[in-house]
Amino acid sequence: MTTRIGVVTFPGTLDDQDALRAVRIAGAEPVSLWHRDKDLHQVDAVVLAGGFSYGDYLRAGAISRFSPVMETLIEQAKAGMPVLGICNGFQILTEAHLLPGAMLRNNHLHFICRDQKLRVENAETAWTSDYAPGQEISVPLKNMDGRYTADERTLDELEAEGRVAFRYLDGNPNGSLRDIAGITNAAGNIVGLMPHPEHAVEPLIGTGRTDGLGFFTSIIKKLVNA
C-alpha cells in the first residue's frame with residue numbers, strides 16, 4: 001500500500017504545493033488537507049507547511065492552532081502520528097504545545113531569505129533517519145518570526161535528551177537561542193524547523209541540491225517498516 005502523507009493548507013499558507021511535490025518526488029502519495037476539515041482522510045503522516053497563515057495576526061501560528069483540523073491532528077500526533085512542521089508549521093506546533101518553546105521576531109527585525117547551512121543533531125526521528133548525526137546540509141530559509149526561544153530549563157532538557165534536531169551553522173540568521181534551527185518531541189514523531197527542506201528536493205530549484213529530500217524519504221521508510 002502506498003504511503004499517504006497529508007499537507008495542511010491554512011489561509012495564507014504559501015508552501016503547501018511545494019510540500020506536496022516533495023512528498024510525490026520522494027515516492028509517497030500526497031494528500032491535500034483543508035484546515036476547516038477535521039478529517040485527515042486516512043493519511044499516515046502530516047506536514048504543516050510554511051507561509052503566513054492568517055497573516056501572522058496576534059502571533060505567527062496563533063490563530064491556525066485553533067483551526068478544526070488541529071483538533072484531530074493534536075490527538076493523532078499525541079498518539080504517535082508523524083508530524084512535520086516547516087517554518088509557519090513549526091510556529092503552529094509550538095502554539096499547539098506539541099513542541100516546547102516559542103518563536104519571536106528575528107533579532108535584526110528584518111525578513112530573511114537565504115540558503116542556510118544546518119548540522120543534523122538527531123538522526124533518529126521519524127523525519128531524519130536518512131541523515132547521519134553531524135551531517136551538514138543546506139536548505140533555503142525564509143522567515144520574519146524565526147527566533148526560537150525557551151526558558152533555560154527547557155533548553156537544557158532539549159540538549160540533555162537529544163531533542164535538538166538541527167542547529168544553524170555559519171552564523172545564526174535570526175537570534176535563535178543556542179543556534180537551534182529545529183527540535184523534536186521525546187517520541188521523535190513530531191519535528192519542527194524553520195528552514196524549508198521542501199525547497200531542496202531536486203537540482204533545478206532551491207539551493208540546486210537535494211539536501212531536503214531526506215526528510216521525506218525518512219518518513220516513507222519509517223512508515224513502510226512500521
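Hydrogens, waters and symmetry mates are skipped; everything else that's a heavy atom, side chains included, is used.
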Any side-chain heavy-atom pair from V46 and M81 closer than 4.5 angstrom?
yes
Find out whether I112 and K142 are in side-chain contact, i.e. whether some heavy atom of one side chain is under 4.5 Å from a heavy atom of the other.
no
Within-4.5 Å side-chain heavy-atom neighbours: H35 and M70:
no
May I ask you to check whether over 12 heavy atoms, not counting those of R178, lie within 6.0 Å of atom CZ?
yes
Residue pair A45 / L223: nearest heavy atoms and the distance that separates them
CB-CD1, 4.2 Å
Is it the case that the side chains of S64 and S67 hold a donor-acceptor pair, with the cut-off being a distance below 3.5 Å and no angle test?
no
Just do the side-chain contact (heavy atoms from CB on, under 4.5 Å) check on V69 and D37 with the steps written out, would you?
CA-CA 5 Å; V69 71; D37 186 357; over 6 Å; no
For A28, is there any backbone N or O sitting under 3.5 Å from a side-chain donor or acceptor partner on T2?
no
Less than 4.5 Å apart, side chain to side chain, heavy atoms only: is that true for K78 and L98?
yes
Mark yes or no for whether E202, through its side chain, and T210, through its backbone, hold a donor-acceptor pair below 3.5 Å.
no
Is the count of non-hydrogen atoms from other residues, nucleotides or ligands lying under 6.0 Å from E136 atom CD greater than 12?
yes
Are the aromatic rings of Y54 and F66 close, with centres under 6.0 Å apart?
no
Nearest heavy atoms of P100 and Y148, plus distance in Å
O-OH, 2.8 Å
For D16 and T13, test the side chains for any donor-to-acceptor distance below 3.5 angstrom and give the result as yes or no.
no
Any side-chain donor paired with an acceptor under 3.5 Å for N174 and Y168?
yes
For the residue pair T217 and D130, confirm or rule out a side-chain donor-acceptor distance under 3.5 Å.
yes
Using a 6.0 Å cut-off, check whether atom CZ of R21 has over 12 heavy atoms from anything other than its own residue.
no
Find out whether T184 and N122 are in side-chain contact, i.e. whether some heavy atom of one side chain is under 4.5 Å from a heavy atom of the other.
yes
In chain order, what residues pass the side-chain hydrogen bond (donor to acceptor under 3.5 Å, both in side chains) check against E71, with sequence neighbours excluded?
K38
Side-chain heavy atoms of V47 within contact of W127, under 4.5 Å
yes
Residues D15 and H199: side-chain donor-acceptor under 3.5 angstrom
yes
